[in-house]
Amino acid sequence: MAPQQSPSQQLVGDITPKLADLTDDVLFGDVWERPGLSKRDRSLVTVTALVALYRTDQLRFHLRTALNNGLTKDELAEMITHLAFYAGWPNAMSAATVLKEILAEPDAASGN
């Protein structure tokens, strides 16, 4: 039986195998495991950057990760509202729409 592929391997491993390997080994295997910030805080920083840069494709994965790392839907909603004034209204509105879609998923992490 073949080993389970990581999300990055599933997403781009067939077209850019080295990028998928670096994502798994360096980004998630090293950077995300460093002790300087909790995973919750890393999620907050990452989601903030993705909203500010209007990276909605990556935002979906990282909003789910943020919920799994302990951020609540209320905290994420507040962060998005706050960012409207710093990163732009369209970015915040798009992020709010993505968050709403994710929270509607049956297996969305529950957070108040």
Side-chain angles (χ1 to χ4, degrees):
M1 181 185 290
Q4 179 72 23
Q5 287 188 320
S6 69
S8 60
Q9 293 292 336
Q10 292 173 14
L11 186 64
V12 297
D14 60 334
I15 190 76
T16 54
K18 186 61 178 179
L19 179 60
D21 289 344
L22 289 168
T23 300
D24 293 340
D25 300 339
V26 178
L27 179 59
F28 289 109
D30 181 20
V31 174
W32 271 83
E33 297 301 324
R34 294 174 51 82
L37 290 174
S38 68
K39 286 191 178 181
R40 180 191 184 281
D41 290 347
R42 287 186 190 281
S43 282
L44 184 61
V45 170
T46 301
V47 169
T48 298
L50 293 173
V51 171
L53 295 170
Y54 197 72
R55 302 296 195 260
T56 55
D57 286 344
Q58 297 296 310
L59 182 60
R60 292 176 191 289
F61 171 83
H62 282 286
L63 281 170
R64 289 183 192 101
T65 300
L67 290 164
N68 290 328
N69 284 341
L71 285 159
T72 67
K73 66 178 175 107
D74 291 340
E75 289 170 325
L76 291 169
E78 187 63 26
M79 180 265 307
I80 290 168
T81 301
H82 187 79
L83 282 173
F85 294 91
Y86 291 92
W89 214 267
N91 290 11
M93 291 297 288
S94 293
T97 301
V98 172
L99 179 60
K100 182 177 179 177
E101 291 169 3
I102 288 167
L103 292 173
E105 294 173 353
D107 60 346
S110 63
N112 191 14

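The figures that follow rest on heavy atoms only: side chains count, while hydrogens, waters and symmetry mates do not. One is the number of the first residue; the rest follow in order along the sequence.
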> Could you give the distance from OG1 (T48) to CE (M79), rounded to the nearest 0.5 Å?
4.5 Å
> Is there a donor-acceptor contact under 3.5 Å from the side chain of R60 to the main chain of E101?
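Flag not set: sc R60 to bb E101 has no pair under 3.5 Å.
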> Give the minimum heavy-atom separation between T23 and S8, together with the two atoms involved.
CG2-CB, 3.7 Å
> Hey, could you give me the CG/CG distance between D57 and L11, rounded to the nearest 0.5 Å?
9.0 Å
> Heavy atoms only: give me the nearest N69-K39 pair and the separation to one decimal.
ND2-O, 3.5 Å
> Any idea which heavy atoms bring E75 and G70 closest together, and the distance?
OE1-O, 4.0 Å
> Only one of V47, V51, N91 passes side-chain contact (heavy atoms from CB on, under 4.5 Å) with L83; say which it is.
V51
> Does M93 form a side chain to side chain contact (heavy atoms under 4.5 Å, CB included) with I80? I'd like the steps, not just the answer.
CA-CA 8 Å; M93 291 297 288; I80 290 168; over 6 Å; no
> With rounding to the nearest 0.5 angstrom, report the CG to OG distance, D24 to S6.
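D24 CG to S6 OG: 3.0 Å, rounded to 0.5 Å.
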> Parallel, tilted or perpendicular: which fits the ring planes of F28 and F61, with parallel below 30° and perpendicular above 60°?
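Correct class here is perpendicular.
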> How far apart are the closest heavy atoms of R42 and V31, and which atoms are they?
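So the two residues come closest at CZ-O, 3.3 Å.
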> Tell me, with the steps shown, if R64 and E105 meet side chain to side chain contact (heavy atoms under 4.5 Å, CB included).
CA-CA 10 Å; R64 289 183 192 101; E105 294 173 353; 2.6 Å; yes
> What is the distance from atom CD of E78 to atom CG of D74, rounded to the nearest 0.5 Å?
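Between E78 CD and D74 CG, I get 9.0 Å after rounding to 0.5 Å.
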> Check the pair L67 / I102 against side chain to side chain contact (heavy atoms under 4.5 Å, CB included), numbers first and verdict last.
CA-CA 10 Å; L67 290 164; I102 288 167; 4.1 Å; yes
> Using the test side chain to side chain contact (heavy atoms under 4.5 Å, CB included), find all partners of S94 that sit at least two apart in sequence or belong to another chain.
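Per chain and number, S94 pairs via side chain to side chain contact (heavy atoms under 4.5 Å, CB included) with Y54, T56.
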> For Q10 versus Q5, what's the shortest heavy-atom pair and its separation?
NE2-O, 3.0 Å
> To the nearest 0.5 Å, what is the distance between CG on L19 and CD on Q9?
9.5 Å
> Which atoms form the tightest heavy-atom contact between A87 and A52, and what is the distance?
CB-CA, 3.5 Å
> Going through the checks in order, is the side chain to side chain contact (heavy atoms under 4.5 Å, CB included) test met by L27 and L22?
CA-CA 7 Å; L27 179 59; L22 289 168; over 6 Å; no
> Is it possible for you to say whether L59 and L103 belong to one hydrophobic cluster, with membership spreading through side-chain heavy-atom contacts below 4.5 Å?
yes
